[in-house]
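Data block below; observations after.
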Amino acid sequence: MQLLLIHSDYIEYEVKKSTPVAEKIEESLKQGRLEDALTAFMAVEKVDEPNPADTIKRTVEEIEKVAAQVKAERLMLYPYAHLSSNLSSPKVAVSILKGIEEALTGKYEVMRAPFGWYKAFKISCKGHPLSELSRSILPEGEQGAQEVQVIPSCAKSSEDDDVVSEALKAESVAKSYWHILTPDGELHNIDDFDLSEHPNLQKFVDYEISKNRAVEKAPPHVELMRRLEIADYEPGSDSGNMRFYPKGKLMKTLLENYVLDETSKFGAMEVETPIMYDMNHPTLKKYLDRFPARQYSIESDKRHLFLRFAACFGQFLMNHDMTISYRSLPLKMIELTRYSFRKEQRGELVGLRRLRAFTMPDMHTLCTDMDQAVSQFDEQYNMCINVLDKIGIKLDDYEVAIRFTRDFYDSNRDFITNLAKTVDKPVLVEMWDTRFFYFVLKFEFNFVDALAKASALSTVQIDVENAERYDINYINTEGEAKKPTVLHCSPSGAIERCIYALLEKEAMAMEKGAVPMFPVWLSPTQVRIIPIAQRHLEFAEQVSEQLKCRADIDDREDTIGKRIREAGREWIPYVVVIGDKEVENGTINVTIRSESQPNKPVKMEMSAEDLNNRIMTEIEGLPYKGLPLSKLVSMRPKFI
RNA sequence: GCCUCGGUGGCUCAGCCCGGCAGAGCGAGUGAUUUGUAAUCACUAGGUCGCGUGUUCGAAUCACGCUCGAGGCUCCA
């Protein structure tokens with residue numbers, strides 16, 4: 001039994017024509033309408049034939065469960081053969097459908113659309129989180145059956161159709177085919193590929209496909225983000241809106257500046273667009289109607305506004321008004337949105353991993369045609385690898401997912417193979433037989449965290465829909481207006497999520513017995529200077545002046561042991577202890593965190609200039625900003 | 001939205017099962033110590049035990065309602 005449940009404002013149908021298997025019906029059943037009803041589209045399958053009673057029982061349970069969740073009092077039972085490719089005999093189907101109807105009658109106001117007729121129907125989907133659900137009900141012992149992912153399409157109506165059209169069927173149920181693509185170009189069936197040598201990819205695949213994500217504890221980065229005074233929950237705001245303390249704000253600014261620098265080198269023009277838009281703007285309305293409500297909305301005088309969930313709107317509306325010659329293509333614009341807003345469901349928000357307000361670098365590239373788009377895609381793919389690498393997230397830390405339509409794959413096989421070659425490891429492939437989303441090709445780099453949960457960082461998509469929707473044109477060599485092919489790219493993914501990934505990565509490293517740290521250019525304090533006694537403070541000041549980086553002085557009246565420990569707990573890359581010996585010799589003793597092991601610090605005697613040179617080499621070409629807090633640690637407040 | 005668990009000084013938590021003076025460690029303040037590589041010692045301050053109602057001689061503890069948070073479901077353009 002395949003079930004597709006839609007909680008609708010209304011559903012109505014009208015029979016058009018009988019098929020050879022049609023049940024005989026009363027005139028009154030030839031049309032029907034229910035308001036505020038849960039509609040159950042159902043397909044009875046071959047596997048249901050041996051035990052119809054069991055199928056009835058379990059289907060009824062499932063429907064009742066959902067009806068209770070959405071508080072529906074009216075049910076429309078709608079036979080919908082297109083949900084399955086392995087249907088039962090019509091006789092069994094009718095008996096099961098009638099059985100379900102009988103079991104539910106009395107508890108609900110039930111209407112059943114007749115079986116075996118071509119019917120036209122209209123449905124208005126409510127669009128709340130539970131309004132669209134699909135269920136496969138299999139007999140006991142048949143759990144291994146093929147998984148079918150249903151991608152819901154909302155607010156669709158088939159009013160123009162005489163019969164339930166093939167197009168609607170295709171859009172209601174787009175099938176995903178999962179594969180593993182190896183660098184040699186082989187496209188393996190996911191079940192046939194041995195992932196045991198790729199444990200991280202295995203985790204990602206499990207997360208993506210089997211959706212098995214039971215986890216018993218909170219993710220480790222939540223404790224770390226607080227303990228390191230990076231970020232924290234803000235109870236005075238909405239959930240998923242974080243506060244950032246000075247150290248976290250510094251890291252965030254550096255990451256933002258880095259991504260902007262890289263995209264600027266890449267030729268992107270930085271722009272800024274509004275964070276709120278008119279819900280009733282004709283172009284935006286069309287776009288919003290395609291998706292269930294997931295945005296913050298604001299009532300302001302007569303207008304109904306929503307907060308942007310990406311920078312697409314602003315940039316596309318700008319593109320629409322621009323005069324663009326083919327000479328300007330590929331044309332790149334970037335905005336670093338502070339913020340983009342998505343009203344994710346309450347239970348889905350976790351620490352810095354998924355937020356309702358987040359900072360998103362969002363670049364769009366207008367290309368003359370698909371060929372140019374494909375070559376741009378390739379360049380941006382490589383840029384993303386490089387950007388994440390500098391941020392401290394290496395190729396081993398994430399898994400690649402590439403998703404495309406079958407048509408795209410058939411005409412770009414070599415190109416896609418090359419993407420796997422570039423990263424030189426197997427990648428997960430999702431292929432759709434029809435295009436449902438606005439893109440024909442996308443990739444993401446998915447970070448797999450300490451609890452085996454995956455989340456996307458970098459992504460690029462080839463969009464074949466929005467140039468049309470926003471009426472974006474360029475003038476070609478012939479002087480004709482043409483629609484460009486558009487690329488969406490976020491080189492790093494959300495900035496907050498990069499911090500999450502770094503924290504989770506270090507948490508995993510700690511588990512394995514390594515010493516955790518941030519890349520030097522991102523460390524809030526790069527050098528901690530610890531004068532042993534007060535008389536060494538002056539020399540400590542001198543050393544800090546010689547270092548052209550974020551060097552602070554722990555002048556608190558604690559023991560050396562304690563201050564060393566504190567520096568370690570702050571993951572400071574270089575720790576300098578200054579006492580009589582140093583003042584005398586003019587050299588310094590540096591503990592180098594990146595070379596140390598737990599309980600085995602690596603210390604080196606060097607001059608302040610040596611240390612400075614070493615750090616300058618490490619942070620060369622990367623953004624820099626001064627200390628986010630007072631140089632003297634004794635003057636700092638505690639944030640947590 | 002549904003299910004489960006939780007809310008006790010700034011932080012982390014014990015106490016709750018089985019009702020009887022509200023506790024510890026860290027942090028903060030003060031004093032002593034001026035220190036050579038992962039927690040110096042002593043003292044002090046700091047709490048309507050999330051909110052409300054009920055049961056009781058007596059409620060942090062039991063019951064009910066509310067609220068906020070976390071995890072799961074669902075979802076993730």
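Note: hydrogens, waters and symmetry copies are ignored here, and every other heavy atom, side chains too, is used. Order of the sequence lines sets the chain letters (A, B, ...), proteins ahead of strands, with each chain counted from 1.
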Whole Å only: how far is the NZ atom of A:K453 from the P atom of B:U74? 11 Å
If the condition is side-chain contact (heavy atoms from CB on, under 4.5 Å), which residues does A:L305 pass it with, not counting sequence neighbours? A:M276, A:D278, A:I298, A:S300, A:R303
Is the distance between the ring centroids of A:Y339 and A:Y296 less than 6.0 Å? no
Close N/O contacts between protein and nucleotides 3-8 of chain B (under 3.5 Å):
none

Using heavy atoms and a sub-4.0 Å distance, could you list which residues of residues 483-500 of chain A are near RNA chain B? By number, please. none
Starting the side chain at C-beta, find the nucleotide from B:G27, B:U37, B:G72 nearest to A:K562. B:G27
Positions of residues 571-582 of chain A (non-hydrogen atom under 4.0 Å from RNA chain B), listed by number: A:V577, A:G579, A:D580, A:K581, A:E582
Under 3.5 Å, which N/O atoms of the protein pair with N/O atoms of nucleotides 9-14 of chain B?
from, atom 1, to, atom 2, distance (Å)
B:U12, OP1, A:R226, NH1, 3.2

Distance check: side-chain N/O of A:R563 vs OP1/OP2 of B:A39, anything under 4.0 Å? no
Over 60° means perpendicular and under 30° means parallel, so classify the ring planes of A:F408 and A:F404, tilted if in between. tilted
Parallel, tilted or perpendicular, judged at 30° and 60°: which one describes the rings of A:F316 and A:H488? perpendicular
In terms of side-chain heavy atoms, does A:S634 have a donor or acceptor partner in A:D555 at a distance below 3.5 Å? yes
Restricting both atoms to N or O, compile the protein contacts to nucleotides 29-33 of chain B shorter than 3.5 Å, with distance only.
from, atom 1, to, atom 2, distance (Å)
B:U33, O4, A:E557, OE1, 3.0

